[in-house]
Engineer: 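Structure in structure tokens, see below.
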Amino acid sequence: EGTVFALAIVVYFYVRTRVHEWPPSASPPDLLWGTLNTLVMLASLVPNQLAKRAAERQDLHGVRLWLTVCTAFAVVFLVLRALEFTALGVRWDTNAYGSAVWMLLGLHTTHVLTDWFDTVVLNVLVFTGPLEARRFADVSDNAFYWYFVVGAWLPIYAVIYFGARLL
């Protein structure tokens, strides 16, 4: 999955080498929504780690609490992401730049949605029981995947929001 993100970033910079004006026929994306999303993502690492620790201790109350908080963070992120798409200043079908930016944002959004869905399913399982011990391992795995989602976002954020400003 990391390779897919890396290839999408390479596509962005490849397109950049083929165009004289960057971004072509557009201004750089508005920083507001992407930056807010980055802050939400970074803040979400705290409840994510607390959910992971609770799962490792097999603390059902802690798992329930922190998984619920993680779910709420993902919902906030997805709402901000919808606003982020509207503030890009370019549509996916406007030009190659628009396609590259939308591809990066779309790929990342897919990963966020995947993890959000997994977190919701785990939430349902820990609240409805009966709870098997392996569910605690599932919570820990889910937390690890969220680290990947957040870690992948940071270079994507830099490329989308500063690649159009600094190059």
Side-chain angles (χ1 to χ4, degrees), residues 1-52 66-123 138-167:
E1 291 179 28
T3 303
V4 171
F5 286 127
L7 287 171
I9 289 171
V10 167
V11 165
Y12 178 94
F13 286 109
Y14 175 78
V15 169
R16 169 65 180 101
T17 65
R18 301 290 182 231
V19 179
H20 297 297
E21 176 191 353
W22 195 256
S25 305
S27 57
D30 182 14
L31 286 168
L32 176 66
W33 301 116
T35 302
L36 283 175
N37 251 343
T38 301
L39 295 173
V40 168
M41 275 230 141
L42 292 173
S44 75
L45 292 174
V46 173
N48 187 62
Q49 179 61 24
L50 292 170
K52 184 178 185 315
W66 296 116
L67 270 183
T68 301
V69 173
C70 288
T71 302
F73 265 97
V75 168
V76 169
F77 182 86
L78 289 166
V79 168
L80 291 174
R81 177 55 55 88
L83 295 168
E84 189 175 359
F85 271 108
T86 67
L88 289 175
V90 67
R91 287 174 32 107
W92 67 271
D93 59 351
T94 302
N95 52 37
Y97 164 76
S99 295
V101 168
W102 277 70
M103 178 178 55
L104 281 166
L105 222 52
L107 285 170
H108 189 260
T109 303
T110 301
H111 284 77
V112 173
L113 283 167
T114 300
D115 191 74
W116 170 77
F117 181 75
D118 189 36
T119 305
V120 168
V121 168
L122 285 171
N123 243 336
D138 293 341
V139 171
S140 186
D141 291 345
N142 177 266
F144 184 73
Y145 187 73
W146 188 251
Y147 293 135
F148 169 76
V149 170
V150 173
W153 171 243
L154 298 176
I156 292 170
Y157 171 75
V159 167
I160 290 174
Y161 290 96
F162 297 101
R165 287 176 167 79
L166 301 177
L167 297 176

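All values derive from a computational prediction rather than experimental measurement.
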Engineer: Is there a side-chain contact between Tyr97 and Val19 (heavy atoms, below 4.5 Å)?
Structural biologist: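 No. Closest side-chain heavy atoms not under 4.5 Å.
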
Engineer: Kindly indicate whether the side chain of Trp153, heavy atoms from C-beta on, has any atom under 4.5 Å from the side chain of Val112.
Structural biologist: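 Side chain of Trp153 against side chain of Val112, heavy atoms only: no contact under 4.5 Å found.
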
Engineer: For a 4.5 angstrom cut-off between non-hydrogen side-chain atoms, does Trp102 reach Asp93?
Structural biologist: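 In short, these two side chains do not touch, never coming nearer than 4.5 Å.
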
Engineer: Do the two ring centres, one from Phe85 and one from Trp33, sit under 6.0 Å apart?
Structural biologist: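 Ring centres of Trp33 and Phe85 not closer than 6.0 Å.
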
Engineer: Using the test salt bridge (charged side-chain N to carboxylate O under 4.0 Å, His left out), find all partners of Asp141 that sit at least two apart in sequence or belong to another chain.
Structural biologist: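 So Asp141 forms no salt bridge (charged side-chain N to carboxylate O under 4.0 Å, His left out) with any residue.
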
Engineer: Which pair of non-hydrogen atoms, one from Phe5 and one from His111, has the smallest distance, and what is that distance?
Structural biologist: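 In this case the closest contact between Phe5 and His111 is CZ-ND1, 3.4 Å.
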
Engineer: Is NZ or CZ of Arg81 both nearer than 6.0 Å to the six-membered ring centre of Trp116 and within 45° of the ring axis?
Structural biologist: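 Here Arg81 fails the 6.0 Å and 45° test against Trp116.
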
Engineer: Which heavy atom of Val149 sits nearest a heavy atom of His108, and at what distance?
Structural biologist: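 In terms of heavy atoms, the two residues are closest at O-NE2, 2.9 Å.
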
Engineer: Where is the tightest heavy-atom contact between Gly34 and Glu84, given as atom of each residue plus distance?
Structural biologist: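 Gly34 and Glu84 have their closest heavy atoms at CA-OE2, 3.5 Å.
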
Engineer: Quick check: closest heavy atoms across Pro23 and Ala164, and the distance to 0.1 Å?
Structural biologist: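 Shortest heavy-atom separation between Pro23 and Ala164 comes out as CD-O, 3.8 Å.
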
Engineer: Answer yes or no: does atom CZ of Phe148 have more than 12 heavy-atom neighbours from other residues, nucleotides or ligands under 6.0 Å?
Structural biologist: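 Result for CZ/Phe148: enclosed.
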
Engineer: Please say whether more than 12 non-hydrogen atoms of neighbouring residues, nucleotides or ligands are located less than 6.0 Å from OH in Tyr147.
Structural biologist: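 Count over threshold, so yes.
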
Engineer: Got a sec, which residues hit side-chain contact (heavy atoms from CB on, under 4.5 Å) with Pro47, two or more places apart in sequence or on another chain?
Structural biologist: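 For Pro47, the residues satisfying side-chain contact (heavy atoms from CB on, under 4.5 Å) (neighbours in sequence not counted) are Trp66, Val69, Cys70, Phe73.
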
Engineer: Without swapping roles, check the side chain of Asn95 against the backbone of Pro24 for a donor-acceptor pair under 3.5 Å.
Structural biologist: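 At least one qualifying donor-acceptor pair exists.
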
Engineer: Quick one: closest heavy-atom pair of Trp146 and Ser44, and the distance?
Structural biologist: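 Reported closest heavy-atom pair: NE1-OG, 2.7 Å.
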
Engineer: Please examine the side chains of Val11 and Leu7, heavy atoms only from C-beta on, and report whether any two atoms are closer than 4.5 Å.
Structural biologist: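 No, too far: nothing below the 4.5 Å cut-off.
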
Engineer: Calculate, to the nearest 0.5 Å, the distance between atoms OG1 and CG belonging to Thr114 and Asp118 respectively.
Structural biologist: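 One finds 9.0 Å between OG1 of Thr114 and CG of Asp118.
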
Engineer: Once you round to the nearest 0.5 Å, how far does CG of Leu105 lie from CG of Asn37?
Structural biologist: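 Taking CG in Leu105 and CG in Asn37, the distance rounds to 8.5 Å.
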
Engineer: Where do Arg16 and Tyr12 land on the side-chain hydrogen bond (donor to acceptor under 3.5 Å, both in side chains) test, with the steps shown first?
Structural biologist: CA-CA 6 Å; Arg16 169 65 180 101; Tyr12 178 94; over 6 Å; no

Engineer: Give me the atom names and distance for the closest heavy-atom approach of Ala143 to Lys52.
Structural biologist: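 For Ala143 and Lys52, the tightest heavy-atom pair comes out as CB-CB, 3.7 Å.
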
